[in-house]
Structure formats: structure tokens, C-alpha cells
Enquirer: 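One structure is given below, represented as C-alpha cells, and several questions about it will come after.
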There are 2 protein chains.
Amino acid sequence: MEANLKAEILKILGDQTRLRVAYLLAASKRSLCVCEIVDSLKLPQYQISKSLIMLRRAGLVDVDRNGTWGYYYPKTDQKTNTILFDFVKEYCIGEPFDGDLTELSKRLALRDGGRCVVGFVPEKELQKLIRKKTAAV
Amino acid sequence: MEANLKAEILKILGDQTRLRVAYLLAASKRSLCVCEIVDSLKLPQYQISKSLIMLRRAGLVDVDRNGTWGYYYPKTDQKTNTILFDFVKEYCIGEPFDGDLTELSKRLALRDGGRCVVGFVPEKELQKLIRKKTAAV
DNA sequence: ACATTGTATGCAAATATGAGCATATAGACA
DNA sequence: TGTCTATATGCTCATATTTGCATACAATGT
């Protein structure tokens, strides 16, 4: 539960999926809904869920729940976490991190009033929904 | 051999021993002899050796050999490595990192002409040797 | 009540990792 | 040649981790 050792924290980030999730949270300056992360990384939902839980147990992120939706964000109450996230943002350049951010920005375009209002959206439908939404505006 | 994935690198640092070794190399601005690292961390020689080899395979450190002595140093030819070592220096505060640095500075006092001239030195003998050396100067 | 949806989690098999010890190698030197 | 000494490495066992799947749970809407 309490993984306060620095090495334990780095071990958590020493996994491709968890690092991508951490990067997404660090780089996008907002809380992200689980389904948004799933769509951005295009990985099975349970992998994202498990990754988020491990990041949370390590004290790196926290969650705001809104009904069934869960919004995760980086915890910056400790200085070491700030150092860590700054590092992740700077260190994780190139793929797959850039692509993940691109996908995320597309997904974020579907938000309504700053809130995630759709669940899992397959690639194909994403374009349609974005068009519909921008037309509505 | 080629662990260029960012997560793989972080996984290497996600181990207490390897992180301590990496910190020692990052924080002391010089090449360190294997036996100096062994004495500083007070861990079995094979653990240090294995840790150094893994750090080397990950492209984080390199070694200069001088007879049987091996001097390891952080590789800073890639920008990402520089970012990484700067992070490690900043992130690894408190124990055991501080203590390791203290032990190292004691061990470095035994150097002669900037070179390591003694092998493994048990705690007790260290004090004697240091006294002898400072008296000789 | 029921179905749907977003999210979390238990389980089992495959795989990876770390600790410890013994030993190998190789250079220095008597 | 033989013996130290510094460092590297092979092997085994215990343990940890990952992966994928199925399913649980909880909130929402009909």
C-alpha cells in the first residue's frame, strides 16, 4: 500500500502502459476520464484501470468520482511528485507519447461543459462524433 | 541489449540497489571504482557488479578499465540521459542516498593521485587508513 | 425491476526478476 | 609459475509480475 521508497515509485513507471498513462496525465493539464485514457492509448480497458490503480497506490495520482465516471489527475501535494511529473513530461518524447497526446486531444473535443459525456468510442465513430459536435456549435 | 524504450530504462532504475548506484554516479561528479561503490553502499560485491552491468546494458553508464580496476561513469552523450541523471539527483533525497554519499566521500579520501589504490576496505579499517593517510600528508 | 454502461477486480498460467553463492577471469606482482 | 586481488558471471530457487479473461459492482435510465 505504502510505496514510499523512491525505487518502488520508479518501478511503477517502469512499465510501458503505466508510463504512457502517467505521461498523459502529466502532459495534459487536466483530470482525465478513464474512458478517455482508454481511447487515447487504444488498449484494453482493464489494462488502463489496473495501471491507474497502481499509480494511485503509489501515491502518484488520485481520482474524483462523478457517478460511474472517474477522473484521474496527478497528485502534486508532495514536492517529489512534482519533480517526478516534470521529469516525465520532459523525458517522454517521441512515440508513443506524442501519438497518445494527439489521440487525447481528439477525444477531449467530445467533452461537453468540460465533462466527459461519452464512454468508449471506437476509432471510426470518433470522427463522426467530432463532426456532429462541431456542426452543432 | 538495446533498451531504448523509456519504460525499460525506468524499470532498471526501479530497483533499490541500482537506483543507489545510479545516484552515487550522478551525484558525485567523477568516475567511481567498483570497490568504492561496494564500500559506499555496503552491499555484496556481486550485487554492485550486476547492477552496474545492467545500468551499462541500458546505456546509462559506461566504464573505463585500468587493469583490474573498473571506473564507471554516467553516459551523458544523449540528452535523455542528462535529463534522467538530473532528475535522479534531484529526486533521490534523504536516506539511503545521503548516507551513501557520505560513505563515498570517506572512501574517496583514500585515493592517491585521483586513483583508487585500495580494494575492499571493511568499515573498521577505513578509519585507520584515513588517519594514516592524512598523517602522511 | 431490468438492462445498460463505466469501471474495478479476482483468478490462473506464463514469464520475469532478485538474492545468494560459488566460481571464473584476468591483471599485478612475488 | 603461483598467488593475490578486482571484477564478472553462471546457476538455482523463491518470489514477483504480467496478461488476458470473465465477471463483479455501482450508477443511470427505461
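Proteins come first, then strands; the chains are lettered A, B, ... in the order of their sequence lines, and each starts at number 1. Below, each value reflects all heavy atoms present in this structure, side chains not excepted, and no hydrogens, waters or symmetry copies.
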Enquirer: Could you give the OH-to-C1' distance, from A/Tyr46 to C/dC11, as a whole number of Å?
Expert: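 Those two atoms, OH and C1', are 13 Å apart.
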
Enquirer: If you compare every side-chain N and O of B/Lys11 against the phosphate oxygens of C/dT17 (OP1, OP2), does one of them come in below 4.0 Å?
Expert: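 Yes, such a contact exists.
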
Enquirer: Using the rule side-chain contact (heavy atoms from CB on, under 4.5 Å), only one of A/Val34, A/Leu60, A/Val63 pairs with A/Leu52; which is it?
Expert: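 That would be A/Val34; it is the only one of A/Val34, A/Leu60, A/Val63 passing the side-chain contact (heavy atoms from CB on, under 4.5 Å) with A/Leu52.
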
Enquirer: Within this structure, what is the CG-to-P distance between A/Asp64 and C/dT7, rounded to whole angstrom?
Expert: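 One finds 13 Å between P of C/dT7 and CG of A/Asp64, rounded.
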
Enquirer: Report the distance from atom CZ of B/Arg56 to atom C1' of D/dT7, rounded to the nearest whole Å.
Expert: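 The answer, rounded to whole Å, is 12 Å.
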
Enquirer: Report the nucleotide, chosen from C/dG20, C/dA8, D/dA8, that has the shortest atom-to-atom distance to any side-chain atom of B/Val34.
Expert: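 Between C/dG20, C/dA8, D/dA8, the one nearest the side chain of B/Val34 would be D/dA8.
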
Enquirer: Could you tell me the separation between the CD1 atom of B/Ile53 and the C1' atom of D/dG10, rounded to a whole number of Å?
Expert: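 Whole-Å distance recorded here is 12 Å.
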
Enquirer: Within less than 4.0 Å of OP1 or OP2 of C/dA8, is there a side-chain N or O belonging to A/Arg65?
Expert: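 Answer yes for this pair, as a side-chain N or O of A/Arg65 is under 4.0 Å from OP1 or OP2.
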
Enquirer: Let me know the distance between CZ of B/Arg115 and P of C/dA28, rounded to the nearest Å.
Expert: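 Answer to the nearest Å: 13 Å.
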
Enquirer: Transitively linked via ILVMFWY side-chain contacts under 4.5 Å: B/Leu110 with B/Val38?
Expert: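 No, it is not one cluster - the side chains of B/Leu110 and B/Val38 are not joined through contacts under 4.5 Å.
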
Enquirer: Can you tell me the distance, in whole Å, between the CG atom of A/Leu43 and the C1' atom of D/dT18?
Expert: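 For the pair A/Leu43 CG and D/dT18 C1', the rounded distance is 14 Å.
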
Enquirer: Base, sugar-phosphate alone, or nothing: which one does A/Ile48 contact when heavy atoms must sit under 4.0 Å apart?
Expert: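 The residue A/Ile48 makes no contact with any strand.
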
Enquirer: Examine C/dG6: is either OP1 or OP2 under 4.0 Å from a nitrogen or oxygen in the side chain of A/Thr68? Give yes or no.
Expert: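 The answer is no; no side-chain N or O of A/Thr68 sits under 4.0 Å from OP1 or OP2.
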
Enquirer: By nearest heavy atom, map A/Met54 and B/Tyr72 onto DNA chain D; which one lands nearer the 5' end?
Expert: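 It is B/Tyr72 whose nearest nucleotide is closer to the 5' end.
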
Enquirer: Within the modelled atom types, does a donor on one side and an acceptor on the other bring the side chain of B/Gln45 and the base of D/dA6 under 3.5 Å apart?
Expert: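 When only heavy-atom distances are counted, B/Gln45 does not reach the base of D/dA6 through any donor-acceptor pair under 3.5 Å.
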
Enquirer: Pick the closest DNA chain C nucleotide for A/Leu52 and for B/Lys50 by heavy atoms, then say which residue is nearer the 5' end.
Expert: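 Its nucleotide being nearer the 5' end, the pick is A/Leu52.
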
Enquirer: Checking B/Arg115 against B/Tyr71: charged group under 6.0 Å from the ring centre and within 45 degrees of the axis?
Expert: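 Satisfied, under 6.0 Å and within 45°.
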
Enquirer: May I ask you to check whether over 12 heavy atoms, not counting those of B/Lys79, lie within 6.0 Å of atom NZ?
Expert: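 It does not: B/Lys79 NZ has 12 such atoms or fewer within range.
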
Enquirer: List in chain and number order the residues that pass side-chain contact (heavy atoms from CB on, under 4.5 Å) with A/Ser49, two or more places apart in sequence or in another chain; answer none if no residue qualifies.
Expert: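 For A/Ser49 the side-chain contact (heavy atoms from CB on, under 4.5 Å) partners, ignoring immediate neighbours, are A/Gln45.
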
Enquirer: Write down the distance between OH (A/Tyr71) and P (C/dG6), rounded to a whole number of angstrom.
Expert: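 After rounding, the gap between these two atoms is 11 Å.
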
Enquirer: Report the nucleotide, chosen from D/dA27, D/dA8, C/dT7, that has the shortest atom-to-atom distance to any side-chain atom of A/Trp69.
Expert: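 Nearest listed nucleotide: C/dT7.
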
Enquirer: Would you mind reading off the distance between B/Asp15 atom CG and C/dA16 atom P, rounded to a whole angstrom?
Expert: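 My rounded result for the distance is 18 Å.
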
Enquirer: Considering just the side-chain nitrogens and oxygens of A/Gln47, establish if one lies under 4.0 Å of OP1 or OP2 belonging to D/dG20.
Expert: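 Yes.
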
Enquirer: How would you label the contact of B/Arg18 with the nucleic acid (heavy atoms, under 4.0 Å): base, sugar-phosphate, or nothing?
Expert: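 Sugar-phosphate, no base atom in range.
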
